[in-house]
Structures are given as C-alpha cells and as structure tokens.
Amino acid sequence: MAPTIRSPFRRTLALMASAAILVQAGVSGIAYAQTAPETTAPGVTAPAPATPETAAPAPTPPAPAAPQQTAPIQAAVPNTGPASVADLAEGLLDAVVNISTSQKVKDDEGAGPAPRAPDGSPFQEFFNDFFNKQQGNKGGNHNVSSLGSGFVIDPAGYIVTNNHVIEGADDIEINFANGSKLKAKLIGTDTKTDLSVLKVEPKTPLKSVKFGDSSTMRIGDWVMAIGNPFGFGGSVTVGIISGRGRNINAGPYDNFIQTDAAINKGNSGGPLFNMKGEVIGINTAIISPSGGSIGIGFSVPSELASGVVDQLREYGETRRGWLGVRIQPVTDDIADSLGLDTAKGALVAGVIKGGPVDDGSIKAGDVILKFDGKTVSEMRDLPRVVAESTVGKEVDVVVLRDGKEQTVKVKLGRLEDSDQAAASGDAAPDGSQDDGVITPDPGENNDMDQPDSGDQAKPAPTPDQHKGQVSPDAATPKNVLGLSLSLLSAETRKAFSIAESVDGVVVTEVTPGSASAEKGLKPGDVIVEVAQEFMKSPDAVAAKVQALKQEGRRNAQLMIASANGDLRFVAVPME
C-alpha cells in the first residue's frame, strides 16, 4: 500500500493561501468602492457641522449641493466555481441505501487452553478459580455488525451492493433515506466481480436508479459518489474519472474505474453516478494507508456490472461463456518471433480436452487478436470478453496462425461446466493462467502435439518411429541457442523422468549465461515446436533456427514441454 507523505509546510501553505484569498477580497472591495463615490443630490442641504456656543457666528456660505442617495456598497463575488450538483444529488439520495449486517460469532473462537498457576504458588487457588469460571462461561455468542452502501435498481425492491459488504451475514437490514428499515434476503452473489443482489418487500414502490454506459466515460469526466462512509448516511462527494481499465488484482475480470471522488470505509457497494444521474460504477475499493480517502478509489464499471446483475436477478448465479483455452501474455520477444509489429493479443498455450475448441478450430500457438468483434489488446482482455458472452453463442475469433490472420467460428461453452476438468488437473478455465501451462492427459493426441503440414496435420512420430526415421547424425547432441539437444530415447526419458506422452527434442544441457538460460530453460525440458513447426530431431531445430535468422527474425518462438507435459511458449533471442 502506498505510503503517506506528510509535508511539514502544509499548515504554512494553508495559512498563506487563506491570506492570499483575504487580500484579494480586500483589494476587489476597495476597487469597487472607488468606482462608486458618494455624491450630493441637488436640492438637498447637508447638515452644518456643530460649533461651540461661545464662538461667533460665521458668515453663512452659499448652500452646497446635497449629496445624491446611493445604494449600499457590496463586495463583488465572482462566480468562478463549478456548477452546483444539488439538484442532481437531491433526485438520487432516496435511491441510495445504507446496509447494516450482523453475524453471530462464538465467544470462544480462537481461544486457547486456560493458563494454570504453578503448583505451590500462594495464589494458585484464586488464580485457578478465576480461569475455571471463565472456561465455564464459554460457548456464548455475540453479534458482529458492519455497515456498507447499496442502491435500488428496481422499484420492486432489488438492491445492488458489494459481495464483501454482506458476505457471511446472518441478518441484512436496509436503511432508507426516509428513516424506514426493511429486512433483505440475498438473491445471488458473484465473488469474481464482488457483486451481490438483495431483495426487500416494500409496501410502496421505491425510488430507483438505472445503469448508464461506462464505456462512454472519459478520463476527466465529472462523477458523483453517494454512500454511507463511516456510518454517515447520504454523503455526497464529487470528483472526476482519474483512470480506466485499472487492474488491482482483485479478480480475473478487473477493469476498474479510478476516481478521485472521496470514497471511504462504508462507501463500498454505493453508486458512482455520471452527471446524468446514471450509475456508471459500483464503488468497491480504495488505496489508503490510513483507511481514509487519499483520492484513489476504484469502481466496478457498469459495462461489466450490469450483465452480472441481470444474471443474478434471473438465475441467482452467473452463467459465463467459456472458450476452453489456456493463455499467456504476448511479450515483445514473442511478438517479434511471430512477426507481429507490436505485442498484442493472447497467446494460446494449450487447448482443454473436451472443451469448446477441442475440435481444432483454435490451436496451441495461435494468437487471439479479436473475439466477437472486440479487440484483444492484451492477455487479460480475453477472459473478460469471453465471460461476458452468452453461453452457446457462435462467435468469430480472429487468430494469427503461421504468420497470417484467420477467422474461425467457435461455439462457447459454460464456464461452470469446466470445473470438473480443472479440478482433475487437465486444465483450468479462462482467467486462471498459471503461466499459460496445460497438462494434457497421457496418450492424448491433440492439435498442439501435431505438426502443421498443409491443411491436414500429420501425427507426431512416436519414440520408436524416431529411431527408424532419423539419421545417425541427428542422434548426435547439437548445441543450438545455448542448448545441448538430443533425441528422446528410453535412456533420456528415464534420466529426466519424461512422461511417455511428451514428444520432441530433449534439452540435456544449458549454457550458463546464455539467452536460453535467461529465459528459464533447463535440462529435461523438451522442445516440441519452433515457430509453430513440430521438431523431431536436433538437426530439425538447428535448421529451423537458421531459417528464421535468414528471414530476419530476431527471436525464435519455442513450445516447451516440461517433464510431465506442461506446455509453455518461450521466445529466445537468436544471437
């Protein structure tokens, strides 16, 4: 968490600023008075000054003109502040609610055994009697309360808040702006986006607000937060959008709006409004060393939240799309090895057996550039856009394969259907990248273990086939990219404990300080592909690397299998 820097000159600067304001106000008032001097109105006699009784009467001078009557002098107040948001706030306050929860906790939770006084101690009897009584009183419960915020999205009583506001609560109570209170029940919750939907049963329709489109909001746009900070209900703060697309590692679909509108403890679950009175975010988190606002708050954007809320209302759960691939980032080195002008997209490191794209429509080594018309700028964009898609929908996916962009059609599965596969170790659903590794089942013959040869891929040769196909020279260890390479044989499999399902060219040694060593390659790794071409011998690896150099490539993209079959892609610079 970012440290707080306290300036020793803060009070001095504040006083100086106040003094400057006062001086400016005085100068402007003086300037205004000088421009409107008092004058005497014609026909009005001014009162003569009082004179002592003993003084001789002075000659009476001609009567001067009477001064004109003028309006009282007022200080000029320039209207330079921002427009008031009072009218906007007044129409929204009734739709924002305070949420109080209570949870029963056992008094003896976390308590250890009672201490005992040493035998023979003069206070042993009193000491032990005291703690014996304490032990006898264990088992009681007490309530733990918490406060948060929420907002009504339907006059019938549907309320949105954060999951962490009501998580584990035994009792949820909604406090409305007019002082009324209603018990709420939980309709559904989604831990991945930290959102929950509650329901109350009002006697009359409630004041509600609607979601706006957060995708149209720009950095610098004004926003307004309403919530229940530190228990002070109905608090309004105003600020701007400071950033978009923030990843704070809160979940797999992080895409937060950052705002400097004051958000504090108790604001969680409250709405972030645009200047039209539409909810464009749900206030969720802050960065603060003290627990108070320092101007860095985060809100779940409505473009993500609205779909989740709709599903929670309809099904009581989320139903997300599932592509069935494992992905890893496209680094600058990998982009160069693939011929991409910039690092973009999501690199497919593996395809889950039995998943939606296990039919070969998407292969390991493909780079997904667009999904259903949405650009995938970086790896973390893909899980989010896939999850937001409808289960069973057919979508177009643009991939980079063999240096060319191709469009393939895929039919999405449901993310929850993949739980069993993920638990078995076959793979994990979108978003749980684990460095883009996938563990294929033994004997699995999938696309990522096959070479590309025209429209049809030929099966990868088995170890027995290798012995009859390669030349004696191919069996000789070769040094390529700082790697000593050798054929996979019964001896090398045994030496490095390499599974029978793994095929390719084995790394027997890695030159210290080489580019391959810096990329994390180690003895026992197996090179399955180089530049999306299956490798069956050390000679094939050397020839492919040489061909890439002649093409002007600076990096060689390697598909590497660990001893147990986990796959990953590595781009190794070619010196």
Side-chain angles (χ1 to χ4, degrees), residues 13-14 16-29 31-32 35 71-98 149-153 160 176-178 206-230 232-246 256-264 266-284 286 288 292-303 305-306:
L13 293 176
M16 291 175 62
S18 301
I21 294 173
L22 292 174
V23 169
Q24 183 179 5
V27 170
S28 61
Y32 183 85
T35 57
I73 300 176
Q74 296 180 352
V77 180
N79 185 18
T80 58
S84 173
V85 295
D87 291 339
L88 177 64
E90 185 178 10
L92 301 173
L93 281 167
D94 290 341
V96 182
V97 300
N98 301 337
S149 305
F151 56 98
V152 182
I153 59 169
V160 175
F176 294 90
N178 60 6
L206 300 175
K207 172 71 176 180
S208 65
V209 291
K210 64 179 182 178
F211 283 110
D213 186 2
S214 60
S215 65
T216 63
M217 301 297 292
R218 301 182 302 164
I219 295 175
D221 280 344
W222 287 98
V223 288
M224 180 172 65
I226 303 180
N228 181 33
F230 300 108
F232 296 103
S235 293
V236 179
T237 57
V238 177
I240 62 169
I241 291 180
S242 308
R244 292 180 50 89
R246 297 303 196 204
F256 287 96
I257 294 172
Q258 180 185 333
T259 179
D260 67 349
I263 298 174
N264 291 285
N267 273 109
S268 288
L272 186 71
F273 293 102
N274 60 17
M275 292 296 103
K276 298 178 182 178
E278 300 169 332
V279 179
I280 52 91
I282 295 100
N283 301 322
T284 299
I286 61 174
S288 171
S293 173
I294 61 171
I296 304 178
F298 300 98
S299 303
V300 180
S302 62
E303 58 189 300
S306 58

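- Heavy-atom contacts from other residues, nucleotides or ligands closer than 6.0 Å to CZ of F232 number 12 or fewer.
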Quiz item: Is there a side chain to side chain contact (heavy atoms under 4.5 Å, CB included) between K207 and L93 once you walk through the steps?
Solution: CA-CA 9 Å; K207 172 71 176 180; L93 281 167; over 6 Å; no

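- A distance-only check finds a donor-acceptor pair linking the side chain of T284 to the backbone of I282 [under 3.5 Å].
- Taking each heavy atom of A305 and V300 in turn, the nearest pair found is CB-CG1, 4.1 Å.
- Separating the CD atom in E278 from the CZ atom in F273 is a distance of 10.0 Å, to the nearest 0.5 Å.
- Closest of all the heavy-atom pairs between A261 and G239 is CB-N, 3.7 Å.
- Separating the CG atom in D221 from the OG atom in S242 is a distance of 11.5 Å, to the nearest 0.5 Å.
- Salt bridge annotation for E303-R244: present, with a cationic side-chain nitrogen under 4.0 angstrom from a carboxylate oxygen.
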Quiz prompt | Residue pair N228, S149: steps toward the side chain to side chain contact (heavy atoms under 4.5 Å, CB included) verdict | solution = CA-CA 6 Å; N228 181 33; S149 305; 3.4 Å; yes

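- Heavy atoms only, all atoms of each residue included: V97 and F151 are closest at CG2-N, 4.1 Å.
- Residue F256 holds its CZ atom at 12.5 Å from OG of S214, rounded to the nearest 0.5 Å.
- Between atom OG1 of residue T259 and atom CE of residue M224 there is a gap of 12.0 Å, rounded to the nearest 0.5 Å.
- Contact record, I296 with Q258: CG2-NE2, 4.1 Å, taken as the closest heavy-atom pair.
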Exercise. Take V96 and V152 through the test side chain to side chain contact (heavy atoms under 4.5 Å, CB included) and record every step on the way to the result.
Key: CA-CA 6 Å; V96 182; V152 182; over 6 Å; no

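- Side chains of S293 and N264: a donor-acceptor N/O pair is absent below 3.5 angstrom, by distance only.
- Atom CD1 in I286 sits 8.0 Å away from atom CD1 in I294 (nearest 0.5 Å).
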Practice problem: Carefully, step by step, assess I263 and F298 under the rule side chain to side chain contact (heavy atoms under 4.5 Å, CB included). | Solution: CA-CA 9 Å; I263 298 174; F298 300 98; over 6 Å; no

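- You'll find the side chain of V85 stays beyond 4.5 Å of the side chain of W222, heavy atoms only.
- Looking only at side-chain heavy atoms (C-beta outward), I280 and I257 come within less than 4.5 Å of each other.
- Taking both residues in full, the closest heavy atoms of V279 and S302 are given as O-CB, 3.5 Å, listed atom of the first, atom of the second, then distance.
- Between I240 and D260, the shortest heavy-atom distance links the atoms N-OD1, 2.7 Å.
- Residue K210 holds its NZ atom at 13.0 Å from OG of S306, rounded to the nearest 0.5 Å.
- Between the side chain of N267 and the main chain of G270, no donor-acceptor pair closer than 3.5 Å is present.
- Between the side chain of N274 and the main chain of V223, no donor-acceptor pair closer than 3.5 Å is present.
- Annotation for D87: atom CG does not count as buried by contact number, only 12 or fewer foreign heavy atoms lying within 6.0 Å.
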